[in-house]
2 protein chains.
Amino acid sequence: MTSGDAPEEGRIPDSTVRRISGYLRILEDLTAAGARTVSSYELARRAGATPAQVRKDLSLFGQFGKRGTGYHIGQLHDEVKKILGLNRHWRVCLVGAGNLAHALFAYREFAREGFQIEAIFDNDPEKIGQDWNGLSVLSVARMVDQVRRRDLEIGLITTPAAAAQEVADSLVRAGVKGILNFAPRKLFVPEGTRLRNVNLAIELESLSFFLK
Amino acid sequence: MTSGDAPEEGRIPDSTVRRISGYLRILEDLTAAGARTVSSYELARRAGATPAQVRKDLSLFGQFGKRGTGYHIGQLHDEVKKILGLNRHWRVCLVGAGNLAHALFAYREFAREGFQIEAIFDNDPEKIGQDWNGLSVLSVARMVDQVRRRDLEIGLITTPAAAAQEVADSLVRAGVKGILNFAPRKLFVPEGTRLRNVNLAIELESLSFFLK
DNA sequence: TGTTGTGAAGGCGTTCACAGCC
DNA sequence: GGCTGTGAACGCCTTCACAACA
């Protein structure tokens with residue numbers, strides 16, 4: 001192996017990735033506040049984690065700190081963006097043009113981290129042709145073709161549960177690399193496509209479990 | 001201990017609770033399809049889990065199956081609803097009357113599982129007084145009083161990140177039992193209040209990590 | 001035979017604790 | 001002295017495998 005390679009990312013726990021995504025937001029807050037360096041203790045305090053956890057998480061990707069000093073915020077920020085694959089833009093489409101899609105479309109955080117929503121699809125004639133801030137809602141019939149042609153990489157599914165698996169199949173066929181599913185059913189995709197399920201009902205129900 | 005007590009719930013993993021919430025939806029699908037019994041194998045297949053996992057999850061709460069036959073769907077459905085604390089209604093309020101709040105307000109799944117949104121708060125004069133399907137958006141200034149008076153139990157926070165912690169503090173002061181936070185910052189609440197953070201940016205960013 | 005319930009084994013992420021360096 | 005990086009210990013969730021039972 002040649003020296004100068006990026007550190008090998010062995011097996012990275014999902015929980016580590018999620019925490020690191022949280023650190024990113026904290027680093028942005030710290031930057032805005034004018035800080036230059038931050039210790040694993042401070043980062044942990046703000047993230048609701050432990051210092052050892054923070055150091056272990058980061059150490060899985062390289063050595064970014066200085067003993068005695070901590071981490072340089074600007075540098076760590078750039079490293080974290082690279083780690084998460086946010087040092088580029090992602091071409092995203094929305095499937096299902098309902099209320100949730102509208103919220104995602106308007107979500108500042110997405111645009112700020114480089115996720116560009118470039119197409120919106122629905123099958124409701126009432127919605128097809130709607131103008132969303134300059135973007136025209138298209139028929140799902142055109143989805144596969146459009147996703148291929150524009151090389152869209154990520155699909156956000158916000159359709160009703162009954163339609164979600166079929167939409168996912170089409171997105172996979174059209175060649176998206178990843179899917180974020182908000183429909184309240186677990187979806188399945190072939191090996192090679194990444195899928196993440198966000199189920200709002202589960203969040204609220206698991207809250208109610210701990211309250212009862 | 002008297003016999004006839006509900007089985008003691010020792011330490012239940014969060015992951016178990018979330019999976020059980022997923023089983024609930026599957027049981028509802030099966031009921032709609034007219035099935036009477038289901039095995040741990042079938043339940044696992046649909047949930048994307050393993051049969052042993054399903055059996056272990058359920059066994060933490062009692063013995064609901066019949067050897068050789070599987071689980072009676074109707075009965076298991078009722079048990080699961082009880083386990084999750086869904087055999088009752090929950091009084092919920094929304095804080096922040098933006099796009100995401102609108103999506104949550106319209107989300108069928110919540111109403112179907114007994115979460116009743118009984119108040120909406122915002123601090124934007126443009127939004128205060130808006131009619132949301134018969135519910136009037138109120139000023140956050142009235143939040144603590146209203147939450148107390150109406151004995152609201154769960155708060156859904158959809159404000160901008162900068163305001164979220166302050167809103168959470170007020171909700172705790174007003175006596176809510178649980179908070180579901182959608183603002184992209186980790187919040188902190190005192191022991192005794194349950195908090196769950198849903199961070200959409202993290203979901204999309206951790207997807208991008210695995211795609212890069 | 002079919003399928004559950006569960007103790008035991010295994011695997012994996014978290015925490016500890018300290019060597020190493022600034 | 002302060003703080004990072006990390007191997008080792010720990011603990012917890014998952015998986016295994018089989019006894020029990022319809």
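The structure displayed is predicted, hence computed values, not measured ones. Reckoned from all heavy atoms, side chains included, excluding hydrogens, waters and symmetry mates. Chain identifiers are assigned alphabetically (A, B, ...) following the order of the sequence lines, protein sequences preceding nucleic acid strands; residue numbering begins at 1 within each chain.
- Side-chain polar atoms of A:N99 and B:Y107 form no donor-acceptor pair below 3.5 angstrom.
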#### Entry: Audit row: B:R196, B:D14, salt bridge (Lys or Arg N to Asp or Glu O under 4.0 Å) steps and yes/no
CA-CA 11 Å; B:R196 178 149 240 131; B:D14 192 68; 2.7 Å; yes

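- For B:R19 and D:dT14, the shortest distance from a side-chain N or O to OP1 or OP2 is below 4.0 Å.
- Distance, B:R55 CZ to D:dA17 P: 13 Å, rounded to whole Å.
- In this structure, A:S15 reaches the C:dT14 phosphate: one of its side-chain N or O atoms is under 4.0 Å from OP1 or OP2.
- For a distance-only test at 3.5 Å, the side chain of B:R67 fails to qualify as a donor-acceptor partner of the base of C:dT3.
- Atom CZ of B:R18 is separated from atom C1' of D:dT14 by 17 Å (rounded to the nearest Å).
- Following rounding to the nearest Å, A:L60 (CG) and D:dG5 (P) show an atom-to-atom distance of 11 Å.
- A salt bridge links B:R88 and B:E153; the closest N-O separation between the charged side-chain nitrogens and carboxylate oxygens is under 4.0 Å.
- Here the P atom of nucleotide C:dT3 and the CZ atom of B:R36 are 17 Å apart, to the nearest Å.
- Contact annotation: A:Q63 does not reach the phosphate of C:dC21 (side-chain N/O to OP1 or OP2, under 4.0 Å).
- Not a single donor-acceptor pair, N or O on each side, falls under 3.5 Å between the base of D:dG2 and the side chain of A:K66.
- Where B:P51 and A:T69 each meet DNA chain C at their nearest nucleotide, the meeting point lying more 5' is that of B:P51.
- Between B:S39 and C:dT3 there is no side-chain N or O to OP1 or OP2 distance below 4.0 Å.
- Whole-Å rounding puts the B:L58 CG to D:dT14 C1' distance at 15 Å.
- Within the 4.0 Å cut-off from OP1 or OP2 of C:dG5, at least one side-chain nitrogen or oxygen of B:Y71 is found.
- Residue B:Q53 has no polar side-chain atom (N or O) positioned under 4.0 Å from OP1 or OP2 of D:dC13.
- Here C:dT3 presents its P atom at 14 Å from CD1 of B:I73, a figure rounded to the nearest Å.
- Taking the charged nitrogens against the carboxylate oxygens, B:E109 and B:R112 do have a contact shorter than 4.0 Å, which makes a salt bridge.
- Rounded to an integer number of Å, the gap from A:D57 CG to D:dT4 C1' is 14 Å.
- Of all nucleotides listed (C:dG13, C:dA17, D:dG5), D:dG5 comes nearest to the side chain of A:S59.
- Whole-Å rounding puts the A:Y23 OH to D:dT4 P distance at 12 Å.
- B:D169 and B:Q165 are linked by a side-chain donor-acceptor pair at a separation below 3.5 angstrom, with hydrogens and angles left out of the test.
- Set against C:dT4, C:dA17, D:dA8, the side chain of A:K56 has D:dA8 as its closest nucleotide.
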